[in-house]
Structures are given as C-alpha cells and as structure tokens.
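What follows is a set of notes on a single structure, which appears directly below.
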Amino acid sequence: MSRLWLLYRIELRKLLARKVTWATLVTVVLVAFLSPWASKVMDVAAGLMGGGKGQDDYANGWTALAGAVGNARLFLVLVVLVLAGSSVAEETTLGTLKSVLVRPVRRVELLLAKLLAVWSFGAALLLLALAVGALAGELTLGLYDVVDPLFPTRVKYTHGEMAVYLYSCVFLTLLPLLALTALGLLASVSFEHAGHATGVAIAALFFFSALGGLSDNASDFVFTSYLAWPFEVFNDIANQLSGTTTKFERRVPYALVTPLVWTGLLFGLTAWSLQRRDVTGAG
C-alpha cells in the first residue's frame with residue numbers, strides 16, 4: 001500500500017506538471033461560472049426576436065447549477081480521456097516506462113496509480129465545477145426552495161432535499177468517470193503513440209455513447225450513459241417535471257453497478273495487455 005501511495009503521488013505530480021492540466025482547470029472554471037449568465041442572455045434574446053419563449057418561469061438557481069456543471073462536463077470528459085490515453089503511451093515513446101519497470105515495481109501497481117491519479121484530477125475538476133456553478137447559481141437566481149411559479153407558496157422541494165439530490169448526482173458521476181479513465185488507460189497501453197491512443201479513446205467514447213443510445217434498455221448497461229445522466233435528471237427535478245424522482249430512484253442501482261463492472265473489465269484487460277508486452281526488452 002505504501003508503494004502504491006508513492007507511485008500515486010509521483011503520477012499526480014507528473015499530471016500537475018502538464019500545461020493541458022491547468023488549461024483545462026481554467027476552462028472548466030470559466031465555463032461553469034459564465035454558463036448561467038450566457039443562458040439568461042440567450043433566453044432574453046430569443047424572446048426579443050420571437051424565436052423562443054424568453055425567460056423560463058421554472059428556471060431557478062438549481063437549474064442554473066445543473067446547466068453549469070453539464071457544460072463544464074464536456075471539457076472534463078475530453079481532458080480525462082486525453083490524460084489517461086497519453087499516460088502510458090507517452091512514457092513508452094519517451095522511454096521512461098522502461099526505466100520505471102526495470103525497478104521492483106509491479107505493472108498493475110503502476111497502472112492503478114495512473115488510474116487513480118487521472119481519476120482524482122477529474123473528480124477535483126467536477127467538484128470545482130460544482131462549487132463555481134453553485135456560486136453562479138446563487139448569484140443569478142438563488143439556491144432557494146423549489147416552488148411552483150403558479151403557486152409561489154407551494155414548496156415542491158426544499159433546499160435540503162435539493163442538496164441531497166445534488167450530492168447523490170456528484171457521487172453517481174464519479175463512478176462512470178472512473179470507467180472512462182480505465183477506457184483511456186486501455187487505449188494508452190494498446191498504442192505506443194500518444195496521439196493514436198488518445199484518438200482511439202475518444203472514438204471509443206463515441207462508440208459506447210452510440211451503443212447506449214440504441215434503446216433505453218441498452219443505455220442501462222453502458223457506462224457512458226451515466227456521464228451526463230445524473231445532472232440531466234437533477235435539472236429535470238429542479239424543473240419540477242413529473243415522475244422524475246421515481247425514474248431517478250429506479251435507475252440508481254444500474255448507475256452504481258454498471259460503471260463499476262465496466263471499470264473492472266477495462267482495467268483487468270489493461271493490466272493483462274501490459275503484462276504481455278515486452279516493455280523492458282529483456283526478452
């Protein structure tokens with residue numbers, strides 16, 4: 001365990017030394033913070049031009065928060081794939097992977113350290129987007145109780161209830177993010193060129209997304225379906241769409257099990273692939 005912790009810290013330092021890491025962090029912050037204001041401007045403009053209904057009466061700080069995190073998630077998903085997809089392939093190209101593996105380091109430990117380093121950075125980005133989105137939602141519409149606009153005294157969901165749903169959605173997003181990291185890592189082990197590995201990882205993301213879009217039943221068993229789903233359903237809850245909470249509760253077991261199963265399968269295949277490779281040239 002101490003060796004894994006050491007490897008994790010080393011991989012995290014490598015990650016934080018990359019320019020793309022900090023560029024993504026700044027991008028996520030800006031997108032999450034500006035999304036509520038951009039959405040309000042677009043609604044007002046659509047209303048003035050007659051191309052829309054203008055301001056949504058059901059919009060509130062919680063819907064603004066969900067939209068902010070949803071927009072930031074697009075950048076988060078791509079950067080996780082880029083970082084995971086280049087983690088092993090880049091070291092193979094530079095020759096540093098060989099120098100690491102000639103030491104008494106198990107390959108599965110190295111892969112696990114890389115997996116946890118990239119995933120923890122992605123988790124940190126998600127939490128940062130959440131915090132910035134919450135600030136923007138509070139400043140624009142306020143994170144109050146969700147009420148029916150036709151009956152302002154009727155509370156649909158209290159602030160506490162919305163907070164519980166929010167924390168649940170964050171947790172449910174972290175699980176498919178782990179599977180996504182494992183997918184990128186598999187591509188990184190399968191291809192020695194970082195650009196090729198990253199391209200294949202992104203293509204695989206689109207493939208799994210298309211697979212999950214074939215039907216509702218198929219989406220239950222594809223981990224990519226749960227990258228966007230938690231905050232989409234949170235937005236529907238905040239918008240007071242009928243039946244949303246029931247659908248949310250029905251799908252939670254799948255949202256817990258499916259990404260974990262995919263993580264195990266993808267990481268197991270990655271470890272097996274790296275174990276079979278002659279990285280050190282020892283014959």
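- Taking OH of Tyr165 as the reference point, atom OG1 of Thr244 lies at 9.5 Å (rounded to 0.5 Å).
- Linking ILVMFWY residues whenever their side-chain heavy atoms come closer than 4.5 Å, directly or via other members, places Phe121 and Trp22 in the same cluster.
- With no hydrogens or angles considered, a side-chain donor-acceptor pair links Arg251 and Ser219 at under 3.5 Å.
- With Ser188 contributing its side chain and Ala89 its backbone, the two residues share a donor-acceptor pair below 3.5 Å.
- Heavy atoms only, all atoms of each residue included: Leu205 and Leu81 are closest at CD2-CD1, 3.6 Å.
- Smallest separation of non-hydrogen atoms from Leu177 and Trp119: C-CD1, 3.7 Å.
- At distances below 3.5 Å, at least one donor-acceptor pair connects side-chain atoms of Thr21 with backbone N or O atoms of Leu15.
- Side-chain atoms of Thr96 never come within 3.5 Å of backbone atoms of Thr92 as a donor-acceptor pair (strictly under, hydrogens ignored).
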For the pair Val155 and Tyr144, evaluate side chain to side chain contact (heavy atoms under 4.5 Å, CB included) and give the outcome as yes or no after the intermediate values.
-> CA-CA 10 Å; Val155 177; Tyr144 308 120; over 6 Å; no

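- Residues Leu143 and Leu139 fall within the same hydrophobic cluster, defined by Ile, Leu, Val, Met, Phe, Trp and Tyr side chains chained together at heavy-atom separations under 4.5 Å.
- With a 4.5 Å cut-off on side-chain heavy atoms, Val147 and Thr153 do not count as touching.
- A side-chain donor-acceptor contact under 3.5 Å links Tyr8 and Ser120.
- Cluster annotation: Val31 is connected to Val29 through the hydrophobic network of ILVMFWY side chains, with a link wherever side-chain heavy atoms come within less than 4.5 Å.
- Heavy-atom minimum distance, Ala182 versus Thr270: O-OG1, 4.0 Å.
- No side-chain donor-acceptor contact under 3.5 Å links Arg154 to the backbone of Asp148.
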Do Thr24 and Arg18 pass the side-chain hydrogen bond (donor to acceptor under 3.5 Å, both in side chains) test, and can you show the C-alpha distance, the side-chain angles, and the key distance before you say yes or no?
-> CA-CA 10 Å; Thr24 305; Arg18 302 182 63 171; over 6 Å; no

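- A chain of hydrophobic side-chain contacts below 4.5 Å, direct or via other Ile, Leu, Val, Met, Phe, Trp or Tyr residues, connects Val252 to Leu174.
- Ring orientation note: the planes of Phe234 and Phe231 are nearly perpendicular, at an angle over 60° on the 30°/60° scale.
- No more than 12 heavy atoms of other residues, nucleotides or ligands lie within 6.0 Å of NZ in Lys156, so this atom counts as exposed by the packing criterion.
- Here Phe267 and Trp262 keep their ring centres 6.0 angstrom or further from each other.
- In this structure, the side chain of Asn71 does not engage the main chain of Val69 through any donor-acceptor pair within 3.5 Å.
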